[in-house]
Amino acid sequence: MTLLLISIVLILPVVAIASYQHYKIGKQPAYDAKETLLNYEIIGSGENKLVLLHGLTGSLHYWKRNLESITTTHKLLLVDLLGFGDSPKPQSDYSLSIQLQALELILNKEGFNDGNIIIAGHSMGAMISLAILEKQPTWFKAGIFISIPVYKNADEFKEIMSSHSFVDRISTSKFSKYICMIHPIFMSSAFKPDNLTDEVYEDAKKHHWMSYYYSLTEVILKTDLYAIAKKIKDKNVLFIHGEKDTTAPVENALKLSKEFKNPQVITSSEGDHQFFLKEAEFVWNTIQDFTISEKKLKKTIPNEHE
């Protein structure tokens, strides 16, 4: 009898939530490369055009802090990646090629493809930024990669995450698909990481297990960033990284930066993986110095790690 009560009180609600999450995905249409439009916003009136891509479980709201200065010098295209934020969440494998297709549709629609664009991203968004810079090199004049995660393989990723919190460990384990099906339980305020704002944490609840699981396994863990970087080694690039980043170790990003002929590297000595949320002004100032002109690009931001 006791066992039955435990099952009713604990197991059945979990099964119900997982079943409902699975049902919601089943109601979604399949991804359509020509019709599926991402959610996005254009902010600012500056002459420099900057595209900003968020990381895993993020949204375009990630970038909405200390915008006063950057929006006077830059016109920002903020994008919710496929499966996240308020963008569509279709049935899809959420592979890198699918994310690029969806992004290209918006860039073409809004004219962010004229060769004078800076593409930038945080974490998984940085990986996608690097990939689209290689796929469409004539669209962009430079790339900016913030807290880019670089791993030798899935085993290195698992080893790195093994020192993180229990929620982080199970969310990135082989059980991540099933854990994500019940993420409404784990994404309560009690489990909110200290380095995330309330707004960012609330937006992180908008994904579903398919967009999370396949973005993790197909984009973050399977993308060969070195192979991509080798093909665009002449491009102007800027790496911005927190030295206390335990999710995407700074030394791995530094190794990747060396694939480029003239990489610029700026680090935050106290920054973790989400340091932009606390040091937005620092990031915006660094981006402004990098993008205002080719002359400033070469003279005002030396590579600290040369």
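Keep in mind the model is a prediction, meaning the values are calculated, not measured.
Note: W209 and Y214 have tilted aromatic rings, judged against thresholds of 30 and 60 degrees for the angle between ring planes. Ring orientation note: the planes of W284 and W63 are tilted relative to one another, at an angle of 30° to 60°.
Sorted by first then second residue, the ring pair (Phe, Tyr, Trp, His ring centres under 6.0 Å) pairs that include residues 115-139, not counting sequence neighbours, are Y62-H122, H122-H273. Evaluation of the ring pair (Phe, Tyr, Trp, His ring centres under 6.0 Å) test over residues 223-259, restricted to residues two or more places apart or in two chains, returns F145-F239.
Proximity of a side-chain donor or acceptor of H208 to a complementary backbone N or O of S211 within less than 3.5 Å is detected. Checking side-chain atoms of T71 against main-chain N and O of E68 turns up a donor-acceptor pair under 3.5 Å. Remark: the backbone N or O of N39 is not paired with any side-chain donor or acceptor of D86 at under 3.5 angstrom.
Distance check, rounded to the nearest 0.5 Å: CD1 of I118 to CD1 of I287 gives 9.5 Å. One finds the CZ atom of F276 at 6.5 Å from the CZ atom of R65 (value rounded to the nearest 0.5 Å). A distance of 9.5 Å separates CE in M127 from CG in D224, rounded to the nearest 0.5 Å. The CD1 atom of I146 lies 8.0 Å from the CG atom of L238; values are rounded to the nearest 0.5 Å. Distance check: F290 CZ to L50 CG gives 10.5 Å after rounding to the nearest 0.5 Å.
The minimum heavy-atom distance between S129 and L53, with the atom names listed, is OG-CD1, 3.5 Å. Here the shortest heavy-atom pairing between L78 and I43 reads CD1-CD1, 3.5 Å. When all heavy atoms of L82 and S87 are compared, the pair lying nearest together is CA-CB, 4.4 Å. The two atoms that bring S123 and P149 nearest to each other are O-CD, 3.3 Å, heavy atoms only. Taking all atoms of both residues into account, the shortest heavy-atom contact from L254 to S257 is O-OG, 2.6 Å. Contact record, K222 with T217: CG-O, 3.1 Å, taken as the closest heavy-atom pair.
Under the ring pair (Phe, Tyr, Trp, His ring centres under 6.0 Å) criterion, Y31 pairs with no residue at all, not counting sequence neighbours. Remark: E270 pairs with K244 by the salt bridge (charged side-chain N to carboxylate O under 4.0 Å, His left out) rule, at least two apart or across chains. Residues satisfying the side chain to side chain contact (heavy atoms under 4.5 Å, CB included) criterion with S59, sequence neighbours excluded, are H61, D80, D203. With sequence neighbours excluded, the residues forming a salt bridge (charged side-chain N to carboxylate O under 4.0 Å, His left out) with K64 are E41, listed by chain and number. With sequence neighbours excluded, no residue forms a salt bridge (charged side-chain N to carboxylate O under 4.0 Å, His left out) with E156. Under the side chain to side chain donor-acceptor pair (under 3.5 Å) criterion, D234 pairs with K261, sequence neighbours left out. Evaluation of the side chain to side chain donor-acceptor pair (under 3.5 Å) rule for D93 yields S95 as partners, not counting sequence neighbours. Partners of K34 under the salt bridge (charged side-chain N to carboxylate O under 4.0 Å, His left out) rule, at least two apart in sequence or in another chain, do not exist in this structure. Every residue meeting the side chain to side chain contact (heavy atoms under 4.5 Å, CB included) condition with S268, not counting sequence neighbours, appears here in chain and number order: F275, E279, F282.
Side-chain contact between K206 and F84 is absent, with no heavy-atom pair separated by less than 4.5 Å. Using a 4.5 Å heavy-atom threshold, the side chains of T291 and H74 count as touching. In this structure, I232 and L130 have side chains that are in contact, with non-hydrogen atoms separated by less than 4.5 Å. The side-chain heavy atoms of P88 and L37, taken from C-beta on, include no pair separated by under 4.5 Å. At a threshold of 4.5 Å between non-hydrogen side-chain atoms, the residues Y212 and L56 count as touching. Contact annotation: the side chain of K141 never approaches that of I117 to less than 4.5 Å [non-hydrogen atoms, C-beta and beyond].
Annotation for E281: atom CD does not count as buried by contact number, only 12 or fewer foreign heavy atoms lying within 6.0 Å.
Side-chain atoms of T73 and Q288 form a donor-acceptor pair, as typed in the model, at a separation below 3.5 Å.
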Between side-chain atoms of residues 103-112 and protein atoms elsewhere (two or more places apart, or another chain), which donor-acceptor pairs fall under 3.5 Å?
unit_1, atom_1, unit_2, atom_2, d
E104, OE1, K135, NZ, 3.2
E104, OE2, K135, NZ, 3.3
E104, OE2, Q136, NE2, 2.8
N108, OD1, N113, ND2, 2.6
N108, ND2, E104, O, 3.2
K109, NZ, Y40, OH, 2.8
E110, OE2, Y40, OH, 2.4

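Ionic pairing of K49 and D114 is present here: one or more N-O contacts between side-chain nitrogen and carboxylate oxygen are shorter than 4.0 angstrom. Under a 4.0 Å N-O distance rule, the pair E259/K233 does not qualify as a salt bridge.
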